[in-house]
A.B. asks: 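Below is the structure I would like to discuss, written out as structure tokens.
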Amino acid sequence: MLSQNLTPEEIRVGLIMMRDPAVQKDFADGAAGRPVDSKAPNYGREYRKAAATPAGASFIRKLDSMDTFSGATQKEMIIELLPGIMRRFGEKAEALEAGRRAG
């Protein structure tokens, strides 16, 4: 699964990118069945900076690898899988941050 294949650096930059308001809007639009323009230049400076790093590019590539389904199947898979993926992603990010603070 995606969350098991991310490095700590990919999680760190991925968390920065996922916090971008435009990314959050894209997720909401996709979940609601509205068109998503994830290539739009409306993503914030922090997102673009993180995405330009090797870890950011790798995070995007791994996230894009989920795009193996299409149409209704893809929508159903996203509805079923995304909450768990995001929860595990958040748990890993929180654990890494707690470790960073402690050490």
Side-chain angles (χ1 to χ4, degrees):
M1 184 142 242
L2 181 66
S3 63
Q4 296 171 337
N5 296 315
L6 294 171
T7 68
E9 184 65 9
E10 289 166 345
I11 291 172
R12 187 183 71 72
V13 297
L15 187 57
I16 291 167
M17 294 187 308
M18 300 299 271
R19 286 181 178 155
D20 187 285
V23 173
Q24 293 293 314
K25 181 183 179 312
D26 281 352
F27 275 120
D29 287 346
R34 294 185 297 264
V36 175
D37 184 11
S38 61
K39 304 297 184 203
N42 61 342
Y43 285 180
R45 185 178 66 84
E46 290 299 316
Y47 174 94
R48 292 189 309 271
K49 182 178 172 184
T53 67
S58 180
F59 176 82
I60 292 168
R61 191 171 45 255
K62 288 177 181 179
L63 198 62
D64 284 346
S65 72
M66 287 180 53
D67 194 18
T68 56
F69 304 100
S70 61
T73 303
Q74 183 179 19
K75 183 175 179 180
E76 292 299 320
M77 291 297 291
I78 288 171
I79 289 169
E80 290 296 320
L81 297 176
L82 193 57
I85 290 169
M86 298 312 297
R87 182 179 62 250
R88 286 186 295 279
F89 179 81
E91 289 168 355
K92 278 188 170 188
E94 287 175 348
L96 286 169
E97 183 63 20
R100 186 188 65 78
R101 286 184 197 146

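Predicted model, so just to flag it, every value in this text is computed and none were measured.
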A.B. asks: Ignoring hydrogens and angles, tell me if any N or O in the side chain of D29 forms a donor-acceptor pair with the backbone of R34 under 3.5 Å.
C.D. replies: no

A.B. asks: With a 4.5 Å cut-off on side-chain heavy atoms, are E9 and T53 touching?
C.D. replies: no

A.B. asks: Given the rule in the side chain to side chain contact (heavy atoms under 4.5 Å, CB included) test, do V36 and K25 qualify, once you have shown the distances and angles that lead to the verdict?
C.D. replies: CA-CA 9 Å; V36 175; K25 181 183 179 312; over 6 Å; no

A.B. asks: Would you sort out whether K62 and L6 count as a side chain to side chain contact (heavy atoms under 4.5 Å, CB included), showing the intermediate values?
C.D. replies: CA-CA 8 Å; K62 288 177 181 179; L6 294 171; 3.9 Å; yes

A.B. asks: State which residues pass salt bridge (charged side-chain N to carboxylate O under 4.0 Å, His left out) with E97; sequence neighbours excluded, sorted by chain then number.
C.D. replies: R100, R101

A.B. asks: Quick one: are I16 and Y47 in side-chain contact, heavy atoms under 4.5 Å?
C.D. replies: no

A.B. asks: So if you build clusters from Ile, Leu, Val, Met, Phe, Trp, Tyr with side-chain heavy-atom gaps below 4.5 Å, do L96 and L15 land together?
C.D. replies: yes

A.B. asks: Please confirm whether the backbone N or O of M18 pairs with a side-chain atom of Q24, one donor and one acceptor, at under 3.5 Å?
C.D. replies: yes

A.B. asks: If you take all heavy atoms of A50 and M17, which pair is closest and at what distance?
C.D. replies: CB-CG, 3.8 Å

A.B. asks: Where the side chain of R48 meets the backbone of Y43, is there a donor-acceptor pair that is under 3.5 Å apart?
C.D. replies: yes

